[in-house]
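Data block below; observations after.
Chain A is the first sequence line, chain B the second, and so forth, proteins listed ahead of strands; every chain is numbered from 1. All heavy atoms count here, side chains included; hydrogens, waters and symmetry mates do not.
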There are 2 protein chains.
Amino acid sequence: MSYDQRKLDILKVIIDDYIETAQPVGSRTVSRKFEPMLSSATIRNEMADLEEMGLLVQPHTSAGRVPAQSAFRIYVDQLMGDNAITPDEKVGITNFYMRHIGDMENLIKSTASLISALTNQPAVALVPQLRRTTLKRLQIIPIIKGAAMVIIVTSTARVKQTVIRVPDNVTDDVLNAISTMMTARFAGHSIADIDVSRIGSVEDAYLMDSKLFAAIEECILDALVLPDGSDVMVEGTTCAFNFPEYSEIEMLKGFLSTFDNRVRLQRLMTEALRHEQCVVIGDENQDEWLNDLSLITAPYKVHGRSVGAIGVIGPMRMDYARVTESLDLISSNLSNVMSLYVNE
Amino acid sequence: MSYDQRKLDILKVIIDDYIETAQPVGSRTVSRKFEPMLSSATIRNEMADLEEMGLLVQPHTSAGRVPAQSAFRIYVDQLMGDNAITPDEKVGITNFYMRHIGDMENLIKSTASLISALTNQPAVALVPQLRRTTLKRLQIIPIIKGAAMVIIVTSTARVKQTVIRVPDNVTDDVLNAISTMMTARFAGHSIADIDVSRIGSVEDAYLMDSKLFAAIEECILDALVLPDGSDVMVEGTTCAFNFPEYSEIEMLKGFLSTFDNRVRLQRLMTEALRHEQCVVIGDENQDEWLNDLSLITAPYKVHGRSVGAIGVIGPMRMDYARVTESLDLISSNLSNVMSLYVNE
DNA sequence: TGTTAGCACTCTCGCTCGTTGAGTGCTAAT
DNA sequence: ATTAGCACTCAACGAGCGAGAGTGCTAACA
């Protein structure tokens with residue numbers, strides 16, 4: 001019982017069909033689709049072998065077969081085709097990014113929508129991470145006595161705001177001065193660089209209240225960098241309504257609840273940002289909550305440096321060819337657009 | 001066949017039960033709950049009357065009865081109780097707002113979550129509307145050649161950003177100067193006041209490129225004020241998974257799709273902002289897409305002026321007493337907190 | 001006159017059970 | 001090695017049936 005090519009070809013036909021229909025695939029179906037023509041009996045023999053090899057699973061005796069998780073792995077690594085995205089669609093993607101103007105949150109949100117529309121799967125996208133981009137401007141604006149808002153604008157045109165407490169005796173002018181000064185000092189620097197030591201030197205220079213700097217420091221290092229779920233955009237969860245595997249309400253609920261915990265998703269995507277495109281199938285996922293799903297992610301880059309990530313989460317049965325190609329394309333388009341924004 | 005009190009009392013029992021169970025209510029159930037004790041036969045007679053009056057509907061002969069839309073109207077206007085919210089819960093709400101610190105988007109989002117948690121219904125909340133608050137600061141930040149980002153901070157600590165095109169020859173210093181100047185000029189003014197004519201005078205004073213001002217004007221009047229769906233927060237849609245009326249996937253899909261069109265929701269809530277608390281049941285709604293749902297909204301105010309709105313969208317069967325009380329309470333708490341932010 | 005017990009009737013819901021059909025594994029022939 | 005043929009399995013579907021909840025009506029009663 002060898003790993004011969006025919007077995008793999010048959011496996012591909014089975015998986016292709018299963019991806020499309022979400023139904024167990026029978027020998028007759030394969031026989032009809034398979035080239036060269038083989039009788040269903042022959043296919044049956046091969047399928048029995050594939051089952052013994054752990055690549056197929058029979059839900060019950062008289063059903064067809066369903067690909068096992070390991071089969072999807074082989075499919076992704078060796079079997080699936082390419083050119084799943086038509087030239088027209090490629091042009092569409094390019095146009096989408098050429099036409100786009102707007103702020104970062106919007107761009108990333110639209111990107112998630114685009115991925116979802118293209119793949120018919122829920123899509124996830126991570127906004128450019130602050131500590132991976134550079135500061136463009138920092139502005140502290142008083143709100144009420146005792147509180148001020150820190151607004152940070154990054155080189156990727158991202159705006160992030162947070163509220164900090166400030167001592168009562170700090171005047172608007174002081175906050176303004178600090179804003180100007182910090183902007184001048186740190187503009188163009190990586191946000192990760194705005195660290196305690198440097199703030200120290202600033203403090204010395206301006207002889208300011210150290211509590212205020214402590215607050216600003218905390219604001220930048222914690223509030224702006226700790227994952228709070230607001231950095232991750234989710235679009236297209238309604239796709240799941242059309243998935244046959246979630247036709248039961250409890251199943252659907254289970255699947256959709258995956259997207260509720262934004263902090264968890266954000267952590268996941270922040271991790272994904274560190275790798276090139278990757279496909280994680282079923283319990284290959286470290287996280288238990290993804291154990292019967294597949295996660296496909298790709299980073300996007302500004303001048304070659306990964307600053308964010310996009311991805312798709314869906315059932316193990318998904319059109320891997322289409323999804324991986326889509327993510328690749330979109331990632332590179334997005335990277336280009338974003339690199340335009342940022343003068344190196 | 002009069003509108004006598006007993007009929008109304010029976011109606012109340014029926015609706016209370018129906019709100020709780022979403023099941024047709026039979027005469028025996030009512031008989032058991034009704035005070036004074038009456039036989040189910042008597043109740044049956046009354047229920048037959050109520051049906052004839054158009055207040056009850058029988059799904060089929062051998063089922064109990066379901067309140068008609070008009071019955072819910074009467075229920076809301078005359079029958080439902082109060083004190084649906086326990087003192088403990090009230091304290092919880094107050095604490096929630098006392099503890100809160102953060103920016104506006106966050107506060108409104110949390111508010112929506114709170115409403116949803118309290119009512120077990122999907123909740124909707126509208127961020128303070130720009131044209132109803134005053135400007136705190138306007139900052140134009142260049143992003144790339146030909147584009148700049150306008151950041152507006154309002155008196156309600158809201159930050160709104162948008163990207164505008166600027167002529168290539170405008171320098172950073174000019175943008176900075178304009179920012180400072182416009183902030184000085186318009187800070188404290190209603191954002192609706194930043195209109196063409198005033199921009200005209202500013203333009204004269206600084207002899208600036210009129211195209212740039214046109215762009216800024218457009219940015220403020222259009223991009224920042226036109227409903228784009230980003231002003232409305234939706235939380236708790238997953239509540240619907242537990243509603244018996246949406247136990248069929250198609251029903252659920254239909255209901256949840258209500259929340260997909262954010263622009264539509266934003267328009268709805270912007271309209272709601274103009275009224276005091278109101279309960280709109282079924283096809284009392286102007287909008288067809290709400291015709292078999294109920295919408296309950298309440299505005300929230302800063303120093304007596306409505307600037308935003310909160311609301312609940314759910315099936316006609318909903319705990320109106322609890323929802324209206326919750327919205328009232330939260331609206332007044334939120335109004336208080338927000339008024340604190342804004343020095344009159 | 002309002003209330004209630006009793007009863008026949010209706011209709012949904014859930015259950016069982018036989019039928020159907022897709023799919024299998026095995027065997028024997030090619 | 002391939003395939004036709006066949007007996008076998010099992011989920012899915014639908015019909016048929018009984019149970020139960022609920023009704024309306026009637027007649028008796030306070």
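Atom CD in A:Q23 sits roughly 15 Å away from atom P in D:dA11 (whole-Å rounding). Rounded to whole Å, atom C1' of C:dG2 lies 13 Å from atom CD1 of B:I10. We find that CG of A:L38 is positioned 15 Å from C1' of D:dA4, with the value rounded to whole Å. Remark: C1' of D:dT2 and CD1 of A:I43 are 11 Å apart, rounded to the nearest angstrom. The CZ-C1' distance, from A:R6 to D:dA1, rounds to 8 Å in whole Å.
A search for side chain to side chain donor-acceptor pair (under 3.5 Å) contacts involving B:S326 returns nothing, not counting sequence neighbours. Every residue two or more places apart in sequence or in another chain was checked for a salt bridge (Lys or Arg N to Asp or Glu O under 4.0 Å) with A:K109, and none qualifies.
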For residues 285-292 of chain B, dump all side-chain donor-acceptor pairs below 3.5 Å to protein atoms at least two apart in sequence or in another chain.
residue : atom : partner : partner atom : Å
B:N285  : ND2  : B:G282  : O            : 3.0
B:N285  : ND2  : B:L290  : O            : 3.4

Item to complete: Applying side-chain hydrogen bond (donor to acceptor under 3.5 Å, both in side chains), run through B:S113 and B:S116 and close with a yes or a no.
Response: CA-CA 5 Å; B:S113 293; B:S116 178; over 6 Å; no

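The salt bridge (Lys or Arg N to Asp or Glu O under 4.0 Å) pairs that include a residue from residues 58-72 of chain A are A:E51-A:R65, where partners are two or more places apart or lie in different chains. For residues 232-266 of chain B, the pairs satisfying ring-ring contact (aromatic ring centres under 6.0 Å, His included) are B:Y246-B:F255, B:F255-B:F259, with sequence neighbours left out.
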Please enumerate all protein N or O atoms sitting under 3.5 Å from an N or O of nucleotides 21-25 of chain D, with distances to 0.1 Å.
residue : atom : partner : partner atom : Å
D:dG22  : O4'  : B:S62   : O            : 3.2
D:dG22  : O3'  : B:A63   : O            : 3.3
D:dT23  : OP2  : B:S27   : N            : 3.1
D:dT23  : OP2  : B:S27   : OG           : 2.6
D:dG24  : OP1  : B:R65   : NH2          : 2.4
D:dG24  : N7   : B:R44   : NE           : 3.1
D:dG24  : O6   : B:R44   : NH2          : 3.2

